[in-house]
Amino acid sequence: NEIGIHFDNEERIRILCALPDSSFLDVKLRTALAMNNPKMVSEVTFAIKSREMENEWGKYTLSSCPYIRPGVNLDEWTNTPVKIPLTQLREEQFALGAKLSKLILGYMRDRYYPYPLGCLNEIVKCGVVFPDTRDEIYCQLCKQLTNNPNDISSRYGWELMTTCISFFPPGNEFENYLEAFLREHDRIDLVISLHKIVFTGANEKLPSLRDLKREEKAAEESYSYNNY
């Protein structure tokens with residue numbers, strides 16, 4: 001019942017239970033997909049990927065990502081907005097990349113903004129509406145969460161990461177790099193959330209401020225739980 005597979009034949013149950021882990025997960029994944037159950041799909045794909053890529057995650061460091069602009073330093077937090085995007089955004093999107101940097105710094109309290117929820121609103125809506133900016137948002141967040149000396153900034157950075165993952169996925173090419181970053185920081189809860197949003201796709205409906213306040217509260221609780 002737990003995995004959504006039902007048999008009325010005792011022999012079939014015994015056969016299923018005798019399957020190797022890999023085959024059992026494949027059966028469970030097919031069942032989850034047939035049921036269109038995002039929660040089950042995310043849990044199963046997480047388990048499959050954990051098994052198949054156990055020794056591969058070291059290949060997916062941000063510094064080795066070919067989609068990062070040459071010469072960009074992703075290994076250190078900064079309180080200065082970037083002037084040039086971290087990813088290969090088109091030249092006409094450079095100003096948007098710089099604006100996103102200011103908004104992220106504002107929400108993380110690295111720069112003063114009188115209404116940080118407004119920063120969150122613009123970041124999430126940008127990620128939902130403009131798919132090209134999603135990897136830039138996630139790259140900037142990863143940079144700001146690397147060697148961050150400020151506990152408050154780090155806390156809001158992880159809350160922002162949590163909220164973004166609940167609304168839009170990264171691009172296909174960047175997905176493994178983001179997952180490797182989350183695994184490196186022991187945020188398995190976010191890895192599973194990442195698998196879920198990759199399966200469901202970005203929200204088609206733009207979030208309201210009430211939606212964002214609710215997600216912000218959930219992200220705060222998630223951060224507190226993972227740092228207890």
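Atom set for the values below is all heavy atoms of this structure, side chains included, hydrogens, waters and symmetry mates excluded. If you read the sequence from its start, that first residue is 1, and numbering goes on from there.
- The shortest heavy-atom contact between Thr87 and Cys139 is CG2-SG, 3.6 Å.
- Heavy atoms of other residues, nucleotides or ligands lying less than 6.0 angstrom from CG of Leu117 number more than 12.
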Carefully, step by step, assess Thr146 and Leu74 under the rule side chain to side chain contact (heavy atoms under 4.5 Å, CB included). CA-CA 8 Å; Thr146 300; Leu74 292 174; over 6 Å; no

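- Note: the hydrophobic cluster containing Trp77 does not contain Ile84 (ILVMFWY, side chain heavy atoms under 4.5 Å, direct or indirect links).
- Connection of Tyr112 to Leu160 is not established within any shared hydrophobic cluster, with ILVMFWY side chains joined at heavy-atom distances below 4.5 Å, either directly or through further cluster members.
- Here the shortest heavy-atom pairing between Pro207 and Asn121 reads O-OD1, 4.3 Å.
- No donor-acceptor pair under 3.5 Å is formed between the side chain of Arg111 and the backbone N or O of Lys102.
- Without hydrogens or angle criteria, Arg109 side chain to Tyr107 main chain gives a donor-acceptor distance under 3.5 Å.
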Would Arg134 and Glu175 satisfy salt bridge (Lys or Arg N to Asp or Glu O under 4.0 Å), going step by step from the backbone distance to the final call? CA-CA 11 Å; Arg134 293 171 186 173; Glu175 179 187 336; over 6 Å; no

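- Atom-to-atom distance recorded for Ser193:OG and Lys39:NZ is 11.0 Å, nearest 0.5 angstrom.
- Of the N and O atoms on the side chains of Lys143 and Asn73, not one donor lies less than 3.5 Å from an acceptor on the other residue.
- Looking at heavy atoms from C-beta onward, Cys65 lies in side-chain contact with Ile68 at the 4.5 angstrom threshold.
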For a side chain to side chain contact (heavy atoms under 4.5 Å, CB included) check, start with the C-alpha distance between Tyr138 and Met161, then their side-chain angles and the critical distance, and finish with the verdict. CA-CA 8 Å; Tyr138 283 121; Met161 178 77 81; 3.7 Å; yes

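- Atom CG of Leu178 is separated from atom CZ of Arg183 by 11.5 Å, given to the nearest 0.5 angstrom.
- The aromatic rings of His185 and Phe181 lie tilted to each other, with the angle between the two planes from 30° to 60°.
- Each of Leu89 and Val128 belongs to its own hydrophobic cluster when Ile, Leu, Val, Met, Phe, Trp and Tyr are linked at side-chain heavy-atom distances under 4.5 angstrom.
- Although no hydrogens or angles enter the test, the distance criterion places no donor-acceptor pair under 3.5 Å between the side chain of Thr133 and the main chain of Glu136.
- Atom CD1 in Ile188 sits 4.5 Å away from atom CZ in Phe46 (nearest 0.5 Å).
- Each of Tyr177, Tyr67, Phe174 was checked for a ring pair (Phe, Tyr, Trp, His ring centres under 6.0 Å) with Tyr60, and the lone residue meeting it is Tyr177.
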With a cut-off of 3.5 Å and sequence neighbours excluded, list every side-chain donor-acceptor pair involving residues 163-170.
residue: Thr163; atom: OG1; partner: Glu159; partner atom: O; Å: 3.0
residue: Ser166; atom: OG; partner: Thr163; partner atom: O; Å: 2.6
residue: Ser166; atom: OG; partner: Glu215; partner atom: OE1; Å: 3.4

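- The number of heavy-atom neighbours closer than 6.0 Å to CZ of Phe94, taken from other residues, nucleotides and ligands shown, is above 12.
- A continuous path of Ile, Leu, Val, Met, Phe, Trp and Tyr side chains, each step under 4.5 Å between heavy atoms, connects Val129 with Leu141, placing both in one hydrophobic cluster.
- Residue Glu54 places its CD atom among 12 or fewer non-hydrogen atoms of other residues, nucleotides or ligands, all under 6.0 Å distant.
- Side chain of Ser64 to main chain of Lys59: a donor-acceptor pair is present (N/O by atom type, distance under 3.5 Å, no hydrogens or angles).
- Remark: the Asp211 side chain and the Ser208 side chain contain an N/O donor-acceptor pair separated by less than 3.5 Å.
- With no hydrogens or angles considered, a side-chain donor-acceptor pair links His195 and Glu179 at under 3.5 Å.
- Separation of atoms OG (Ser101) and CG (Leu86) is listed at 7.5 Å; rounding is to 0.5 Å.
- Within the model, atoms CD1 of Ile137 and CG of Leu100 stand 5.0 Å from one another, a figure rounded to the nearest 0.5 Å.
- Side-chain atoms of Asp110 and Ser153 include a donor-acceptor pair closer than 3.5 Å.
- For Lys99, the NZ atom sits in a loose shell: 12 or fewer heavy atoms of surrounding residues, nucleotides or ligands are nearer than 6.0 Å.
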Report the C-alpha separation of Gln144 and Thr78 in whole Å, then their side-chain angles, then the decisive distance to 0.1 Å, and conclude whether the side chain to side chain contact (heavy atoms under 4.5 Å, CB included) test is met. CA-CA 7 Å; Gln144 291 306 105; Thr78 179; 3.4 Å; yes

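- Summarising the geometry, atom CG belonging to Leu120 is positioned 11.5 Å from atom NZ belonging to Lys213; distances are rounded to the nearest 0.5 Å.
- Looking only at side-chain heavy atoms (C-beta outward), Val198 and Leu194 come within less than 4.5 Å of each other.
- Applying the salt bridge (charged side-chain N to carboxylate O under 4.0 Å, His left out) rule to pairs touching residues 188-208 yields Arg187-Asp189, sequence neighbours excluded.
- Ile104 and Tyr113 fall into different hydrophobic clusters, where Ile, Leu, Val, Met, Phe, Trp and Tyr residues are linked whenever their side-chain heavy atoms come under 4.5 Å apart, directly or through other members.
- By the 4.5 Å heavy-atom criterion applied to side chains, Asn176 and Lys49 are counted as neighbours.
- The shortest heavy-atom contact between Leu62 and Cys142 is CD1-CB, 3.4 Å.
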